[in-house]
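For reference, the structure is listed below as structure tokens.
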There are 2 protein chains.
Amino acid sequence: MSKRVTINDVARTAGVSRQTVSRALNDKGEIDGSTKQRVLDAVRELGYRPSRFARGLVRQDTTTIGLVIPDLLNPFFTEVAAGALEAARARGWHVIVYDTAGSVEEERGTIEVVVSQVDAVVGYFSLAESELDAHLSGMPAVLIGREHRTPRFSSIRIEGAAGVREAVDHLVAKGHRRIGMLDYEGRAEPSIRRAWFADAMNAHGLAADAVGNAVQSVDGGAEALTDLLAKHPDLTAVFTFNDIIAVGALRAARRLGRAVPDDLAVVGFDGLQLGTVVDPALTSVALDTRRVGALAIEQAGRLLAGEPQLPSEELLVNAVLLVREST
Amino acid sequence: MSKRVTINDVARTAGVSRQTVSRALNDKGEIDGSTKQRVLDAVRELGYRPSRFARGLVRQDTTTIGLVIPDLLNPFFTEVAAGALEAARARGWHVIVYDTAGSVEEERGTIEVVVSQVDAVVGYFSLAESELDAHLSGMPAVLIGREHRTPRFSSIRIEGAAGVREAVDHLVAKGHRRIGMLDYEGRAEPSIRRAWFADAMNAHGLAADAVGNAVQSVDGGAEALTDLLAKHPDLTAVFTFNDIIAVGALRAARRLGRAVPDDLAVVGFDGLQLGTVVDPALTSVALDTRRVGALAIEQAGRLLAGEPQLPSEELLVNAVLLVREST
DNA sequence: TTGAAAGCGTTACCAT
DNA sequence: ATGGTAACGCTTTCAA
């Protein structure tokens with residue numbers, strides 16, 4: 001392993017002082033054209049690259065954000081990540097991506113490591129705020145898709161009540177009365193999305209009694225719909241926890257000989273691009289996923305700068321009904 | 001913007017020297033239990049986090065890799081990225097992700113910035129090696145999916161000739177004789193995949209004369225298949241440049257009333273998970289995308305360490321036929 | 001077990 | 001236009 005080329009080496013071969021090298025490299029004025037060229041030649045010749053550490057130490061201006069997501073292969077998180085990357089790039093910031101593989105253990109390890117590598121964290125965490133706080137050592141943190149309890153944290157919330165209401169209205173207007181739901185079975189309690197669904201149904205005097213659980217995958221969705229339909233053959237529509245599950249439901253419906261949307265309408269949640277790939281394209285209660293990522297970055301920036309935080313109502317991403325072909 | 005809490009502040013409040021703080025934080029032995037506790041308390045109280053720059057400057061051990069991809073929303077790149085992240089994590093390295101949005105301009109900007117932020121780059125580049133070299137200042141770089149000409153670079157190659165041959169064999173065995181292809185129209189020349197296809201066809205004494213071009217999107221694939229079928233209604237099978245285009249072809253086939261696989265067989269390339277989401281699931285000449293990412297990281301590591309590079313034949317990822325339902 | 005001093009590679013500031 | 005000196009915040013000797 002060859003020794004690092006430093007600014008001193010460049011200075012020596014160019015026959016100038018290191019300050020001059022610095023000037024040449026950073027386009028500070030006050031430098032003779034020929035001197036500059038000589039320095040640049042030496043730089044190229046030696047293959048010199050400034051140490052980001054030394055540079056970061058003296059000019060406190062490089063910002064790096066840690067983006068923590070459970071699974072980069074899940075298109076939902078990918079879309080959010082894309083939004084975050086874009087927003088960060090616009091500010092000239094860097095994003096280190098950490099994939100926790102949906103494991104609490106990996107999440108712990110990530111938190112441990114992230115503290116010493118970035119200026120702020122943003123992302124999806126499953127740990128309790130107390131534990132996060134203990135390991136984050138005061139680092140600015142923005143939780144996505146989850147309410148924060150301690151003022152120490154900040155969060156981007158997803159508001160879907162109105163969107164789900166829209167979806168149910170839409171289904172009812174199409175004549176559906178028996179509408180089921182495929183919830184996410186990962187957590188112990190029913191999801192908030194299920195509550196939104198129940199409220200919307202009740203508003204129409206309809207019962208939200210046909211609810212199944214699905215694991216977070218296409219196969220999970222397919223399986224869950226098959227079960228649900230076996231128990232409730234009279235359903236003419238289903239609302240699902242998210243688009244991944246909905247895509248599975250679409251497949252199961254086809255296997256069961258139920259034409260979508262005629263024999264069974266399907267509504268997802270998230271509004272992923274994935275929904276446009278399937279046939280029929282998926283109607284969904286859509287989130288601006290890009291905005292979710294962008295907001296998280298924006299908020300992290302304010303935290304970092306000590307600026308006033310965005311007002312609570314701006315930290316909210318509203319889901320709206322996106323009608324495509326499955327209803 | 002409050003001033004940074006430094007190790008000196010901690011030392012002062014804990015009533016020790018900063019070396020002792022360093023010891024307490026880095027679990028170096030030779031420190032009294034109570035002293036350590038006192039330091040840790042001070043750290044928590046002040047919310048102290050060591051500067052990664054200062055630390056990186058003295059211990060030269062944090063490695064950060066830049067991952068450059070054209071589009072994080074394209075599942076192919078996402079899968080490669082996931083593989084790279086996983087491999088990097090296994091080594092305790094960090095990955096900064098740069099999305100160049102498929103634009104040469106953004107790519108230039110990225111290169112410019114990446115030099116001063118990471119220890120090595122890995123990814124998909126469209127710039128010429130000469131230009132890359134000029135801006136990379138000797139930084140180790142691994143090109144993915146593209147052959148390198150200059151020994152200064154390293155590359156992970158995709159070998160699909162055998163896989164495509166398998167695919168055509170498979171189709172022929174199923175009785176297909178008129179097989180078309182949907183190539184990628186982004187570049188000026190026909191793709192190498194098209195050459196693989198032509199070779200495989202010729203080996204069976206078949207003509208590879210029905211070839212259309214598609215832009216890299218689902219819609220693009222749909223449109224292109226429609227056109228191709230209009231020109232060559234006798235085709236009973238199509239091979240596509242990649243899975244994205246194939247998924248579009250699947251949709252177009254359905255719209256045209258061509259049942260897949262009975263009236264039209266479809267074979268993609270890449271073997272993305274996306275292919276399992278559509279119905280029928282896509283047969284594809286599959287790549288181990290995870291391995292592509294992992295190899296790139298591995299190779300970058302060797303370059304960084306000055307170790308002997310992987311032999312050329314290991315820098316190769318072979319595509320193999322993955323038969324699902326669309327054939 | 002603890003502390004003092006040196007140095008990591010760079011830029012900012014002040015001379016010249 | 002160029003160079004000298006002092007930071008930046010931390011860890012690593014080496015002494016005590």
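We name chains A, B, ... by the order of the sequence lines, and we start the count at 1 in each one. Just so you know, these numbers come straight off a predicted model, no measurement behind them.
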Checking [X] side chain against [Y] main chain: does a donor-acceptor pair fall under 3.5 Å?
X	Y	result
B:R91	B:A87	yes
A:S51	A:A54	yes
A:T35	A:I31	no
B:N26	B:S22	yes

Give a yes/no answer on whether the side chain of [X] brings an N or O atom under 4.0 Å of OP1 or OP2 in [N].
X	N	answer
B:N26	D:dT11	yes
A:T35	D:dA1	no
B:T20	C:dG3	yes

Practice task
Only pairs at least two apart or in different chains count here, so list each salt bridge (Lys or Arg N to Asp or Glu O under 4.0 Å) that has a residue in residues 97-118 of chain B.
Solution key: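 Sorted result for residues 97-118 of chain B: A:R89-B:E106, B:E105-B:R108, B:R108-B:E131.
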
Handout entry: Options C:dT2, D:dT11, C:dT10, nucleotide nearest the side-chain atoms of B:S22
Key =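 Closest of the options to the side chain of B:S22: D:dT11.
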
Length of the [atom1]-[atom2] vector between [X] and [N], whole Å:
X	N	atom1	atom2	result
B:R12	D:dG9	CZ	P	12 Å
A:L46	C:dG9	CG	C1'	15 Å
A:R38	D:dA1	CZ	C1'	12 Å
B:R59	D:dT13	CZ	P	13 Å
B:R52	C:dG9	CZ	C1'	17 Å
A:R55	C:dG9	CZ	C1'	11 Å
A:K28	D:dT2	NZ	P	16 Å
A:L25	C:dG9	CG	P	16 Å

Quick one: which protein N/O atoms are closer than 3.5 Å to N/O atoms of nucleotides 4-8 of chain D? Pair and distance per line, please.
from  : atom 1 : to    : atom 2 : distance (Å)
D:dG4 : N7     : A:Q19 : NE2    : 3.2
D:dT5 : O4     : A:Q19 : NE2    : 2.6
D:dA6 : N6     : A:R18 : NH2    : 3.4

Problem - Whichever of B:I7 and A:G15 has its nearest DNA chain D nucleotide further upstream toward 5' - result: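 Nearer the 5' end of the strand: A:G15.
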
Exercise for the section: Could you tell me the separation between the CD1 atom of A:I156 and the CD atom of A:E147, rounded to the nearest 0.5 Å? Expected result: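 Going from CD1 on A:I156 over to CD on A:E147, the span is 11.5 Å.
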
Practice task
Would you classify B:K36 as touching base, sugar-phosphate or nothing, given that sugar-phosphate means primed atoms plus P, OP1 and OP2, and contacts are heavy atoms under 4.0 Å?
Solution key: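 Answer is nothing: B:K36 stays at 4.0 Å or more from every strand.
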
Practice task
Not counting sequence neighbours, which residues clear salt bridge (charged side-chain N to carboxylate O under 4.0 Å, His left out) with A:R291? List them please.
Solution key: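 Checked A:R291 against salt bridge (charged side-chain N to carboxylate O under 4.0 Å, His left out); zero matches.
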
